[in-house]
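Every chain is numbered from 1 and lettered A, B, ... according to where its sequence line falls, protein lines coming before strand lines. Excluded from the calculations below are hydrogen atoms, water molecules and symmetry mates; all remaining heavy atoms, backbone and side chain alike, are included.
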Number of protein chains: 2
Amino acid sequence: MADINVSPAQRRPLSGTAASGTEPAGREPAYELIELMFFAYRDFVGDPDHVLERYQFGRAHHRVLHFVFRHPEIRVADLLDILKITKQSLARVLKELIDQGFILQKEGQVDRRQRLLAVTDKGKALALELAKLQTERFARAIAQSGTTRDQAVRFLYAMIDPERREDVTRMITQADRALRGKER
Amino acid sequence: MADINVSPAQRRPLSGTAASGTEPAGREPAYELIELMFFAYRDFVGDPDHVLERYQFGRAHHRVLHFVFRHPEIRVADLLDILKITKQSLARVLKELIDQGFILQKEGQVDRRQRLLAVTDKGKALALELAKLQTERFARAIAQSGTTRDQAVRFLYAMIDPERREDVTRMITQADRALRGKER
DNA sequence: CATTTATGTCAGCCATGTTGACATATTCGA
DNA sequence: TCGAATATGTCAACATGGCTGACATAAATG
């Protein structure tokens with residue numbers, strides 16, 4: 001459980017910047033948060049990007065691999081629903097992931113029209129490697145910011161469109177259940 | 001200061017999911033945080049996307065407009081450095097923003113090779129409209145998650161690559177100073 | 001058996017990133 | 001003062017990953 005750099009709230013940024021008066025328009029624009037979100041996300045996806053270059057994969061491959069890893073035997077239609085892309089877009093990257101042996105398809109048992117997707121051992125290894133990089137970033141950020149993991153979860157959750165939150169929670173819960181079930 | 005929905009920690013997601021044993025590999029992958037970050041960012045940039053459609057602009061236009069708005073009279077080279085794209089990529093969207101009257105260029109006073117960029121009134125209005133949308137999302141998220149704004153700032157800041165943090169802080173501070181100086 | 005569903009695929013377009021090469025104007029240092 | 005360095009623009013070509021529209025196939029379903 002040893003962590004890279006446990007020191008709460010060292011060298012924090014600005015944040016005493018807003019509220020000079022009573023604007024009629026409402027709230028002061030939160031430029032600081034907006035820009036921090038932009039840079040944070042860029043670095044968050046940057047880690048995996050470097051690894052993916054090894055296989056000539058891009059971010060699209062990462063997303064597909066990740067969600068197939070998290071939802072073994074997922075139907076194509078459900079994957080499209082998570083990613084919010086078209087099947088033509090999915091087809092391109094999925095084909096490459098299958099050709100290179102990271103993902104495999106099997107015919108559905110109950111409904112033989114379905115092509116259920118799952119990661120191979122190779123795919124699992126890569127998905128885990130990428131998840132670990134991002135996990136380390138979160139662990140660092142939580143430790144160094146003096147936040148709790150729970151606060152971070154609640155904050156990010158509340159950044160999601162209210163009407164989609166339930167779906168997201170359900171999806172994550174279900175994936176956790178499925179994965180724990182498998183690994184036992 | 002009245003907010004949309006002030007209720008701390010209502011309907012929070014899971015988060016009691018990790019730590020089943022002592023893996024030799026280290027930490028449990030933080031799937032929940034990883035996926036929440038993905039969905040949060042998608043919605044975060046989704047708000048502006050809809051508005052930008054009105055002008056046939058994309059996210060690239062948004063980024064350029066935003067940072068030019070925040071850094072009046074910015075040099076092209078400095079803008080490229082913030083965005084981390086090539087000048088050829090910038091040129092395309094910048095041309096459209098200039099043609100449609102959102103941004104204008106002026107020759108540098110001290111160095112006449114420079115083409116200093118600034119938003120027009122029209123550009124400022126659009127930049128503010130977009131920033132306001134994202135500000136509202138943050139205000140909602142902070143109120144509903146029971147976090148403080150300061151915690152959110154520190155957390156996002158700590159998500160950035162350590163070696164880039166100083167630059168980001170400096171950039172934000174400087175932009176705040178420049179904008180406040182102008183509005184007085 | 002006709003229709004609906006799940007998936008695949010072809011073709012082409014668009015947005016936004018890239019590299020490489022080269023042009024122009026201006027500044028700056030020897 | 002002149003040659004090199006700098007700031008910017010531009011042309012051409014390419015890659016990635018979105019999109020729409022059209023159509024094909026196999027299987028399920030009423």
B:F39 and A:Y157 aromatic centres sub-6.0 Å: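 Not under 6.0 Å, so no.
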Verdict with reasoning, B:R75 to B:D111, per salt bridge (Lys or Arg N to Asp or Glu O under 4.0 Å): CA-CA 11 Å; B:R75 294 185 312 134; B:D111 186 336; over 6 Å; no
Between A:H61 and A:Q56: side-chain donor-acceptor atoms closer than 3.5 Å: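 Side-chain D/A pair, A:H61 to A:Q56: absent.
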Should [X] be listed as having a side-chain N or O under 4.0 Å from OP1 or OP2 of [N]?
X: A:R112; N: D:dA27; result: yes
X: B:R59; N: C:dT16; result: no
X: A:H61; N: D:dG17; result: yes
X: A:Q105; N: C:dT7; result: no

5'-most by nearest nucleotide on DNA chain D - B:L90 or A:E96: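 The 5'-side residue here is B:L90.
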5'-most by nearest nucleotide on DNA chain D - A:Q88 or A:E107: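 Upstream on the strand: A:Q88.
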Quick one: label [X] by what it contacts on the DNA or RNA (base, sugar-phosphate, nothing), any heavy atom closer than 4.0 Å.
X: A:V110; value: sugar-phosphate
X: B:K95; value: nothing
X: B:R92; value: base

No-H, no-angle donor-acceptor pair, A:R63 side chain to D:dG17 base, under 3.5 Å: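 No such pair is found, so the answer is no.
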hbond_proxy A:R113 side chain to C:dG8 base (donor-acceptor, 3.5 Å cutoff):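 By the distance-only test, no, there is no pair.
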Can you figure out which of [options] approaches the side chain of [X] most closely?
X: A:T86; options: D:dC19, C:dT18, D:dG18; value: D:dC19
X: B:I85; options: C:dG17, D:dA28, C:dT26; value: C:dG17
X: B:S89; options: D:dG17, C:dT18, D:dA7; value: C:dT18

Integer-rounded Å distance: C:dT18 P and B:K84 NZ: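 From B:K84 NZ to C:dT18 P: 11 Å.
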In one Ile/Leu/Val/Met/Phe/Trp/Tyr side-chain cluster, 4.5 Å: A:F38, B:L133: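 As far as the 4.5 Å side-chain criterion goes, B:L133 and A:F38 are connected within one cluster.
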B:F57 CZ to B:R63 CZ distance, which is reported to the nearest 0.5 Å: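 One finds 14.0 Å between CZ of B:F57 and CZ of B:R63.
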